[in-house]
Amino acid sequence: MERGTAATPGSPHGHEHDSPAPPRSTGRVPLAPHPDRLLPPEPSQRGIARRLYESVRDLPLISPHGHVDARLLATDEAFTDPASLLVTPDHYVTRLLHSHGVPMADLGLRDSTGDTAPAQPREVWRTFCEHWHLFLGTASRGWLEAELHDVLGVTVQPSADTADELFDELTARLREPEFRPRALHDSFAIAVLATTDDPADDLSHHRALAEDPSWSGRVVPTFRPDRHLDATGSGWTAALDDLAAASGIDTGDYDGLVRALEDRREHFRAHGATATDHSAPDARMAFLDIAEARRLFEAVRSGTATTEDARLLSQQLLGEMARMSSEDGMVMALHTGSRRNHHPDTLRRFGPDTGHDIPLQAEFTRALQPMLERFGTNPRFQTVLFTLDETVFSRELAPLAGFYPSVYLGAPWWFLDAPRAMRRFRDAITETAGFYRSAGFIDDTRGFCSIPARHDTARRVDAAHLAGLVAEHVLSEDDAARIIHDLHDRQPRRAFRL
């Protein structure tokens with residue numbers, strides 16, 4: 001099937017590119033990110049912010065949550081082209097272009113139905129460059145400029161006129177030794193990189209890195225059991241079979257499933273894991289007696305359960321994760337408040353993580369009470385809470401973190417990892433919980449080259465925020481310098497037990 005085949009009317013995959021046409025460039029526009037970007041416009045505050053930013057600009061990067069595959073560093077294969085590196089795998093990029101009518105296949109995504117062939121990388125890159133103006137004002141624009149300029153050495157802006165030139169320039173550059181994954185990892189000064197891994201994963205790439213005498217970095221797995229806990233999903237039974245094969249433990253009953261999860265947690269800990277990660281629809285957990293948990297499991301496995309039964313079993317299994325964390329000390333990170341895979345046809349054709357996860361309203365105070373009354377003051381238990389609903393920052397999350405020693409506040413994530421949202425986060429939580437109940441910064445990225453760009457953005461935003469407090473005489477500049485250093489070093493290490 002040829003690429004560009006028309007889709008049914010109303011389908012977001014077959015629209016013509018109907019985005020606003022950019023002004024036709026008649027020359028090369030320089031790409032030169034401003035050195036004071038994101039710093040305050042007022043001169044005296046800007047001076048303070050510059051000093052604070054300079055004090056942390058070159059700190060090693062702590063990346064306790066992200067989605068870079070360990071295979072990238074284990075194999076150290078050269079990147080092939082800029083489209084495959086910067087466009088196709090980055091759903092921040094693809095979702096925005098898709099919203100302007102660019103079909104997913106034109107961005108290189110593979111259609112599992114075979115209806116539309118994916119565009120070739122040069123065509124993907126041309127499409128991206130032609131629509132460069134659409135990223136103006138977005139957080140993605142800042143990251144992309146930093147990736148292109150600071151990481152890859154690009155000095156002209158993408159456009160229809162420069163697309164082919166940039167594609168050829170970058171394709172050649174990516175073949176050079178200093179742009180291979182391990183060399184970039186070292187140039188980024190990444191101190192710790194946490195990946196996100198399925199419990200059934202054998203972690204062979206992590207093991208290969210650990211056993212490679214030429215590798216000196218620290219890459220740790222994170223235990224992500226979502227598909228094994230979600231009893232409402234159609235793939236749950238198959239997920240349990242995979243877990244049984246990986247652990248060697250029969251998952252045909254509730255007790256076996258719990259033992260298999262405990263076994264795989266130990267496997268992950270042996271490979272350096274310090275945290276688990278959960279993308280539940282909400283933060284509710286159940287702590288049922290064992291007989292009721294077994295009954296629910298049997299009902300779901302046999303197909304006789306109600307939807308509510310399956311949901312309650314999922315909450316029970318999430319509660320088991322909290323109980324296990326209170327025993328083995330793995331940090332429990334909760335990413336809640338997202339309606340995953342909002343568009344069924346996109347999920348069917350292009351799979352998950354393709355840009356249509358949409359925020360939901362969240363509630364934590366009641367939802368977390370059963371967990372926190374059991375484990376909230378347990379010194380072995382620690383949780384990092386993330387949400388896409390910023391209305392709960394000051395109302396619920398900051399008060400919870402301001403009392404429970406086990407609770408840390410996760411950095412603004414997904415739609416909220418934009419500069420102004422990050423500033424609102426600091427304003428919302430600090431007066432109640434202070435700076436030291438937050439978990440620092442996470443980049444949460446699949447785009448390898450965006451890691452330094454995102455950390456740099458966070459450091460600039462924190463420098464600007466702290467400069468304002470110094471100017472208001474809330475903090476001394478010495479206090480602000482200590483805080484910004486801790487936010488980008490001590491706090492992520494402490495919150496994720498790194």
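Using modelled atom types, one side-chain atom of D76 and one backbone atom of R182 make a donor-acceptor pair closer than 3.5 Å. Panel note: side chain T171, backbone F167; a donor-acceptor pair is recorded below 3.5 Å. The main-chain N or O of T196 is never found under 3.5 Å from a side-chain atom of R224 such that the two would form a donor-acceptor pair. Under a 3.5 Å cut-off, the side chain of R459 and the backbone N or O of V56 do form a donor-acceptor pair. Distance alone, capped at 3.5 Å, is enough to place a donor-acceptor pair between the R437 side chain and the A401 backbone. The main-chain N or O of E477 is never found under 3.5 Å from a side-chain atom of R51 such that the two would form a donor-acceptor pair. Remark: the backbone N or O of S84 is not paired with any side-chain donor or acceptor of T88 at under 3.5 angstrom.
H205 and D69 form no side-chain donor-acceptor contact under 3.5 Å, judged by distance and modelled atom types alone. The closest side-chain donor-acceptor pair between H206 and S204, if any, does not fall under 3.5 angstrom. Inspection of the T162 and R28 side chains reveals no N or O donor paired with an N or O acceptor under 3.5 Å. A donor atom on one side chain and an acceptor atom on the other are found under 3.5 Å apart for Y408 and R494. With hydrogens and angles left out, the side-chain atoms of H278 and T276 include a donor and acceptor closer than 3.5 Å. Judged by distance alone, the side chains of D443 and S63 do bring a donor and an acceptor atom under 3.5 Å apart. Of the N and O atoms on the side chains of T274 and R269, not one donor lies less than 3.5 Å from an acceptor on the other residue. In this model, no donor atom of one side chain and acceptor atom of the other lie less than 3.5 Å apart for D478 and S476. For the residue pair T195 and D197, a side-chain donor N or O sits within less than 3.5 Å of a side-chain acceptor on the partner. If you check the side chains of H91 and D353, you find no donor sitting under 3.5 Å from an acceptor. If you check the side chains of D357 and H342, you find no donor sitting under 3.5 Å from an acceptor. Inspection of the T430 and R426 side chains reveals no N or O donor paired with an N or O acceptor under 3.5 Å.
Residues I451 and T445 are in side-chain contact: their nearest non-hydrogen atoms beyond the backbone lie under 4.5 Å apart. Side-chain contact between E396 and T387 is absent, with no heavy-atom pair separated by less than 4.5 Å. The closest side-chain heavy-atom distance from Y53 to V461 is not below 4.5 Å. Side-chain contact between D486 and Y436 is present, with heavy atoms from C-beta onward closer than 4.5 Å. Using a 4.5 Å heavy-atom cutoff, the side chains of T127 and E123 are not in contact. Put simply, the side chain of D111 does not reach to within 4.5 Å of the side chain of M104, judged on heavy atoms. Looking at L86 and L148, their side chains come closer than 4.5 Å, going by heavy atoms from C-beta outward. Residues L193 and V220 form no side-chain contact, since every pair of their non-hydrogen atoms from C-beta on lies 4.5 Å or further apart.
Aromatic rings of F386 and W414 (six-membered ring for Trp) have centroids beyond the 6.0 Å cut-off, not under it. Aromatic ring centres of H356 and H98 lie farther apart than the 6.0 Å criterion allows.
Between F425 and F393, the two ring planes are perpendicular [angle over 60°; tilted spans 30° to 60°]. Below 30°, between 30° and 60°, or above 60°: for F448 and F188 the angle between ring planes is between 30° and 60°, a tilted geometry. The aromatic rings of W125 and F128 lie tilted to each other, with the angle between the two planes from 30° to 60°. F135 and W132 have tilted rings, their planes meeting at an angle from 30° to 60° on a 0 to 90° scale.
The distance from the OG atom of S159 to the CG atom of L166 is 7.5 Å, given to the nearest 0.5 Å. Between W143 atom CH2 and T138 atom OG1 the span is 8.0 Å, to the nearest 0.5 Å. Interatomic distance, D202 CG to H271 NE2, rounded to the nearest 0.5 Å: 8.0 Å. Here the CG-OG distance, from L385 to S406, works out to 8.5 Å after rounding to the nearest 0.5 Å. The CD1 atom of I483 sits 10.5 Å away from atom CD of Q491, with the distance rounded to the nearest 0.5 Å. Between S140 atom OG and E147 atom CD the span is 9.0 Å, to the nearest 0.5 Å.
Atom CD of E42 has more than 12 neighbouring heavy atoms from other residues, nucleotides or ligands inside a 6.0 Å radius. Summarising the local packing, CZ of R395 is surrounded by more than 12 heavy atoms from other residues, nucleotides or ligands at distances under 6.0 Å. Enclosure of atom CZ in R110 is not indicated, since only 12 or fewer non-hydrogen atoms of other residues, nucleotides or ligands lie within 6.0 angstrom. Within 6.0 Å of CD in Q361 there are 12 or fewer heavy atoms belonging to other residues, nucleotides or ligands.
One finds no salt bridge joining R227 and D201 here, because no Lys/Arg side-chain nitrogen approaches an Asp/Glu carboxylate oxygen to under 4.0 Å. Note on D444 versus R454: no salt bridge recorded, every NZ/NE/NH1/NH2 to OD/OE distance being 4.0 Å or above. Contact check on E178 versus R173 returns no salt bridge, with no Lys/Arg side-chain nitrogen under 4.0 Å from an Asp/Glu carboxylate oxygen. Ion pairing between a basic and an acidic side chain is recognised when a charged N comes within 4.0 Å of a carboxylate O; R493 and D489 show such pairing. D456 has a carboxylate O that lies under 4.0 Å from a charged side-chain N of R37, or vice versa, which qualifies the two as a salt bridge.
Counting only residues at least two apart or in different chains, salt bridge (Lys or Arg N to Asp or Glu O under 4.0 Å) contacts with residues 383-393 comprise E390-R424.
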Inset, instruction - I would like to know whether E54 and R57 meet salt bridge (charged side-chain N to carboxylate O under 4.0 Å, His left out); could you show each step before the answer? - result: CA-CA 5 Å; E54 288 296 326; R57 183 185 65 180; 3.5 Å; yes
Legend entry - Derivation and outcome, salt bridge (charged side-chain N to carboxylate O under 4.0 Å, His left out), residues R423 and D462: CA-CA 8 Å; R423 294 173 193 168; D462 283 337; over 6 Å; no
Inset, instruction - Assess whether salt bridge (charged side-chain N to carboxylate O under 4.0 Å, His left out) is satisfied between R348 and D345, documenting all intermediate values. - result: CA-CA 5 Å; R348 179 180 66 88; D345 187 54; 2.6 Å; yes
Inset, instruction - Show the numbers, then the answer: is there a salt bridge (charged side-chain N to carboxylate O under 4.0 Å, His left out) between R122 and D164? - result: CA-CA 7 Å; R122 184 180 292 273; D164 284 330; 3.2 Å; yes
